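Because the structure is predicted, anything quoted here is derived from the model rather than measured.
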2 protein chains.
Amino acid sequence: MRERRVAKARARKQAVAPEDLPLGQILAGDCIEAMRTLPDDSVDLVFADPPYNLQLGGDLNRPDGSGVDAVNDHWDKFDSFAIYDDFTRDWLTEARRVLKPDGGLWVIGSYHNIFRVGAILQDLGFWILNDVVWRKSNPMPNFKGTRFTNAHETLIWASQGEKARYQFNYTAMKTLNDELQMRSDWLIPICGGQERLKHDGHKAHPTQKPEALIYRLLLATTEKGDVVLDPFFGTGTTGAVAKRLGREWIGCEREDFYRGIAAERIAKELPLDESALATMQSRKAAPRVAFGTLVENGTVPPGTQLFDKKRRWHATVRADGSLVHERQSGSIHALGKVLQGAPSCNGWVFWHMERDGKTVAIDSLRQEYLLANED
Amino acid sequence: MRERRVAKARARKQAVAPEDLPLGQILAGDCIEAMRTLPDDSVDLVFADPPYNLQLGGDLNRPDGSGVDAVNDHWDKFDSFAIYDDFTRDWLTEARRVLKPDGGLWVIGSYHNIFRVGAILQDLGFWILNDVVWRKSNPMPNFKGTRFTNAHETLIWASQGEKARYQFNYTAMKTLNDELQMRSDWLIPICGGQERLKHDGHKAHPTQKPEALIYRLLLATTEKGDVVLDPFFGTGTTGAVAKRLGREWIGCEREDFYRGIAAERIAKELPLDESALATMQSRKAAPRVAFGTLVENGTVPPGTQLFDKKRRWHATVRADGSLVHERQSGSIHALGKVLQGAPSCNGWVFWHMERDGKTVAIDSLRQEYLLANED
DNA sequence: ATGACCAATGAATCTATAA
DNA sequence: ATTATAGATTCATTGGTCA
């Protein structure tokens, strides 16, 4: 169940007890104020879809707390950038405090705001892991023919810092992408059809994100039971998908209207059952089997000759699970490394043996052992 | 041939006489100093490929043990974000001065630097017209399985200001893209093969850009005879493509070695006649759909039962698009292969599901998805 | 000639754990 | 914090060799 580049245990132990968190709740009011009610180091992931209209007016406040009236355009764009930057720094700072040391952050935006968000989160110490491009399969055309069709949005995925650990479910992503590494460009349709929430025949929210987008990033960077915080909850897509995937969630949303819609939507959502939630596990996460175990139980008896695929090197298995080749000896990894003069070697895939007239990698013997000794 | 959203006449009259510009020359020294020698309002387009400030750690080895030849040049080293920001502000300021009022600016970067560049150019008054994603058809994989494959870079296209006019050859782009509006995501291979400049058997420059990329942006945002300035000239891709397309060019490059290579390269380049312009057509995205896409978007929800045509085997779909059958799990292809004991299996045609009381192959669901989401 | 096979390589912030 | 050891990890393309 572990694919964290992380011993999660320590962070988990320190973690806030679930009963001290408003799980499954949509906090009312300004997201910065709302986040202030949450304890330090308490959520595993933040997903944020902040407003990016730079003339937001009521959505923004000056550093001194006074409101900004953008309808009066005596604000030139430099002022509005500065105000947007302050706003961004404020909510990112609060998100950083609430996030566990090995938690992850996702932010989505367009060219209007994403460069500002990216630079500020770097300044705050977040460490960018990837920028991910959401390629829209059905974007709105550029009606006037004045620019390229704006056919994508950008997501930034970051950890708490350069040395911070983070969750990345590599194998699940690779499986989701037909056995190829998941790339940083994702082709996903915009939210429409049945999925698009309507109110009085009109779209309920102007920027509702597709569930498939949230699905992928939650599957990639959280595990079951993790707590996901969305400071700009809107119609609650994050909550709906989190619930479906067996993740806990907390939302912040200032508009009563959206809170109502989101709560209703999430109530209808059903969690997937256990068996569907399981995902492909990386070998990193498999229980460790020492080579010595296979020697002990007779799968690879002492004295067995091992060799690499091209039979350029060979070695003999000793009773303690070490290998010997002429005067050199060591673990399956160490000897493989020394013989090849390589910087490192995974002995499990390097070494092979004869069995029933066939050449088998010792790694496949380990797989058999694991299957036969599950649980 | 006018498609400028612009009356270009005024700017053109004020323009510096060509004989006062070092057209077709590579200026030596630091690009900021070099640009200072150019008059105000004198070039039509700036294309810049500045250092990315990669901040790489130690060595990286591939799974086969071979090393990755990383960018480790002195020109990519900056002590802090603040110093990188100062450098960026300085060269952008100088570029802004040299650029005509209705000129265009392109900058390319990766997540390491592009957010800083984007925010600073907004601060300086540039107006972003699009961000464009260069999707690499053949990126380097993420060897350690720690992140998403970093499969794209980002370009920013900007005008001198919100009200500034700019050149955009809408029809040329539409033609290049099979009569569909050119989108903001461009699929182009990385620079390799014959195009990649070599020196003593090694790549001459660590970050040579593909000509197709420069070709497209010059074709989109300049017209014949325009002056293109590249402050980070490197191996002179911008000069070579500009010459081919009948545009004038000026380069800045501090390394003697690169200046030599670039000059030699451009000398060999021949201007294209009009009729040949259609040669480097865009490559359309391959219509590849992963099974996981159908799981994400709800076509095949997690928990769905799949079975082969004769219903000899069955399996359950999990959240990451893997299948599980008793103790065995894997992708649609891998599990089909294991269950049948076959050397290979095309899971798309092997697996079926019930829909509306009918049995359908999952391949037909893929076809439907492709039809509904054509690019 | 053709195909099979192998080697090389590209802007990369590229491991986890225990002692 | 540092060090040593176990062990996990790649895609598309080009170009060369050999049957």
Side-chain angles (χ1 to χ4, degrees), chain A residues 2-10 122 127-131 158-159 161-163 165-166 168 170-171 174 177 179-184 282-286 288-292 310 321 330-334 336-337 343-351 362-363 366, chain B residues 49-73 75-78 108-114 134 136-154 189-196 198 201-203 205-210 234 286:
Chain A
R2 286 293 129 106
E3 216 169 352
R4 186 158 282 239
R5 5 219 87 267
V6 170
K8 206 169 180 178
R10 191 165 148 275
Q122 286 180 314
W127 190 250
I128 299 180
L129 298 164
N130 278 114
D131 59 337
S159 68
E162 180 175 2
K163 305 292 184 191
R165 298 163 184 242
Y166 57 91
F168 179 55
Y170 174 75
T171 309
K174 191 169 174 177
N177 195 36
E179 301 294 339
L180 286 178
Q181 287 190 338
M182 187 68 80
R183 297 168 41 114
S184 56
S282 120
R283 293 168 47 179
K284 288 171 193 160
R288 293 201 173 175
V289 177
F291 181 63
K310 294 183 182 169
S331 70
I332 53 172
H333 314 295
K337 171 177 157 172
S344 69
C345 170
N346 180 347
W348 287 109
V349 295
F350 180 73
W351 294 109
I362 58 175
D363 192 47
R366 176 170 63 160
Chain B
D49 182 10
Y52 287 7
N53 188 22
L54 284 186
Q55 306 177 251
L56 298 178
D59 292 337
L60 176 64
N61 291 293
R62 303 164 197 270
D64 67 5
S66 66
V68 173
D69 184 12
V71 176
N72 191 27
D73 301 75
W75 47 256
D76 196 46
K77 304 238 188 292
F78 296 84
I108 183 167
S110 66
Y111 66 84
H112 309 84
N113 71 323
I114 198 65
W134 167 29
K136 304 180 184 185
S137 56
N138 49 349
M140 194 183 331
N142 182 293
F143 295 116
K144 304 295 188 189
T146 57
R147 304 179 179 191
F148 300 101
T149 307
N150 192 4
H152 75 275
E153 294 186 26
T154 300
I190 60 175
C191 180
Q194 295 300 323
E195 186 186 329
R196 187 89 194 202
K198 297 276 169 47
H202 294 93
K203 57 186 174 190
H205 191 285
T207 71
Q208 188 182 340
K209 294 294 176 290

Report each atom pair, protein N/O against N/O of nucleotides 15-18 of chain D, whose distance is under 3.5 angstrom.
residue, atom, partner, partner atom, Å
dG15(D), OP1, Gln194(B), NE2, 2.8

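- Across all strands, Glu162(A) comes closer than 4.0 Å to no nucleic acid atom at all (heavy-atom distances).
- Among the atoms of the strands shown, none is found under 4.0 Å from any heavy atom of Pro210(B).
- With rounding to the nearest 0.5 angstrom, the OG1 atom of Thr207(B) is 8.5 Å from the CD atom of Glu153(B).
- The side chain of Leu56(B) has dA12(C) as its nearest neighbour among dC11(D), dA12(C), dA8(D).
- In dT13(C) the O4'-C1'-N dihedral to the base is within 90° of 0, which defines a syn nucleotide.
- Two residues, Ser331(A) and Gly192(B), neighbour DNA chain D, and the one matched to the more 5' nucleotide by heavy-atom proximity is Ser331(A).
- A straight line from CD of Glu195(B) to P of dT14(D) spans 11 Å, rounded to a whole angstrom.
- The minimum heavy-atom distance linking Gly109(B) with Ile114(B) is given by the pair N-CD1, 3.7 Å.
- Of the candidate nucleotides dT10(D), dT13(C), dG7(D), dG7(D) has the atom lying nearest to any side-chain atom of Arg288(A).
- Here dA4(C) sits opposite dT17(D) as a Watson-Crick or G-U wobble pair (both hydrogen-bonding atom distances under 3.5 Å).
- Taking every side-chain heavy atom of His333(A) into account, dG7(D) is the closest of dT9(D), dG7(D), dT13(C).
- At a cut-off of 3.5 angstrom, the base of dA12(C) holds no donor-acceptor pair with the side chain of Asn150(B).
- Rounded to the nearest 0.5 Å, atoms CZ (Phe350(A)) and CD1 (Ile362(A)) are 10.0 Å apart.
- In this entry the distance linking CG of Asn142(B) with P of dT13(C) reads 7 Å, nearest Å.
- Atom CD1 in Ile332(A) sits about 15 Å away from atom P in dT5(D), given to the nearest Å.
- Side-chain contact between Thr171(A) and Lys284(A) is absent, with no heavy atoms from C-beta onward closer than 4.5 Å.
- For the C1' atoms, the distance linking dA8(C) with dT10(D) amounts to 13 Å, nearest Å.
- If you check dA11(C), dG7(D), dT9(D) against the side chain of Lys209(B), the one that comes closest is dA11(C).
- Between atom CG of residue Asp76(B) and atom CG of residue Leu56(B) there is a gap of 7.5 Å, rounded to the nearest 0.5 Å.
- The base of dA6(D) is not paired with the side chain of Lys337(A) by any donor and acceptor separated by under 3.5 Å.
- Nearest heavy-atom pair across Thr149(B) and Pro139(B) is CG2-CG, 4.0 Å.
- Ring-plane geometry between Trp348(A) and Phe291(A) is classed as perpendicular, the angle between the planes exceeding 60 degrees on a 0 to 90 degree scale with a lower cut at 30.
- Counting non-hydrogen atoms under 4.0 angstrom, Asp49(B) reaches a base of the nucleic acid.
- Nucleotides dG7(D) and dA11(C) have their P atoms positioned 35 Å apart, rounded to a whole Å.
- The distance between atom CG of Asn53(B) and atom P of dA12(C), rounded to the nearest whole Å, is 15 Å.
- Here dT17(C) presents its P atom at 10 Å from NZ of Lys284(A), a figure rounded to the nearest Å.
- Counting heavy atoms of neighbouring residues, nucleotides and ligands inside a 6.0 Å radius, atom CG of Asp64(B) exceeds 12 of them.
- Comparing the same atom, P, in dA18(C) and in dC14(C) gives a spacing of 22 Å after rounding to whole Å.
- How far CG of Leu129(A) is from CZ of Phe148(B): 9.5 Å, rounded to the nearest 0.5 Å.
- Distance CG (Asp363(A)) to P (dA6(D)): 16 Å, rounded to an integer number of Å.
- The side chain of Ala70(B) sits closest to dA12(C) out of dA12(C), dA6(D), dC14(C).
- Taking only side-chain nitrogens and oxygens, Thr171(A) never comes nearer than 4.0 Å to OP1 or OP2 of dA8(D).
- Arg366(A) comes within 4.0 angstrom of the backbone, heavy atoms only, and of no base.
- Of the candidates dA6(D), dT10(D), dA12(C), dT10(D) carries the atom nearest the Pro63(B) side chain, counting heavy atoms from C-beta on.
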Before giving the answer on side chain to side chain contact (heavy atoms under 4.5 Å, CB included), spell out for Gln208(B) and Arg196(B) the whole-Å C-alpha distance, their side-chain angles and the decisive distance to 0.1 Å.
-> CA-CA 7 Å; Gln208(B) 188 182 340; Arg196(B) 187 89 194 202; 4.0 Å; yes
Candidate pair Met182(A) and Asn130(A), rule side chain to side chain contact (heavy atoms under 4.5 Å, CB included), full reasoning = CA-CA 12 Å; Met182(A) 187 68 80; Asn130(A) 278 114; over 6 Å; no
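- For the pair Arg165(A) and dT17(C), the criterion of a side-chain N or O lying under 4.0 Å from OP1 or OP2 is met.
- Under 4.0 angstrom from either OP1 or OP2 of dT15(C) there lies no side-chain N or O belonging to Thr146(B).
- A distance of 3.5 Å separates NZ in Lys209(B) from CG in Asp49(B), rounded to the nearest 0.5 Å.
- The distance from atom CG of Leu129(A) to atom C1' of dT15(C) is 14 Å, rounded to the nearest whole Å.
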I'd like a list of close polar pairs between nucleotides 7-10 of chain C and the protein, N/O only, cut-off under 3.5 Å.
residue, atom, partner, partner atom, Å
dA7(C), OP1, Lys310(A), NZ, 3.2
dG10(C), OP2, Lys203(B), NZ, 2.8
dG10(C), O5', Lys203(B), NZ, 3.2
dG10(C), N7, Arg62(B), NH1, 3.3
dG10(C), N7, Arg62(B), NH2, 3.0
dG10(C), O6, Arg62(B), NH1, 2.4
dG10(C), N2, Asn138(B), O, 3.3
dG10(C), N2, Pro139(B), O, 3.2

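- Applying the 4.0 Å criterion to OP1 and OP2 of dC14(C), one finds that Tyr166(A) has every side-chain N and O outside that range.
- Using a 4.0 Å heavy-atom criterion, one finds that Ser110(B) contacts no nucleic acid atom at all.
- dG7(D): no Watson-Crick or G-U partner with both key distances under 3.5 Å is found in any strand.
- Regarding Glu179(A), its CD atom lies at a distance of 9 Å from the P atom of dC11(D), rounded to whole Å.
- Under the Watson-Crick or G-U wobble criterion, with both distances below 3.5 Å, dT13(C) is left unpaired in every strand shown.
- dA6(D) and dT13(C) are spaced 29 Å apart, taking the P atom of each and rounding to whole Å.
- If you check dT9(D), dC14(C), dT10(D) against the side chain of Val349(A), the one that comes closest is dT9(D).
- With rounding to the nearest 0.5 angstrom, the CG atom of Asn53(B) is 11.5 Å from the CH2 atom of Trp75(B).
- Here Gly347(A) lies out of heavy-atom contact (under 4.0 Å) with every strand.
- Minimum atom distance to the side chain of Lys174(A) is reached by dT10(D), of the listed dT17(C), dA12(C), dT10(D).
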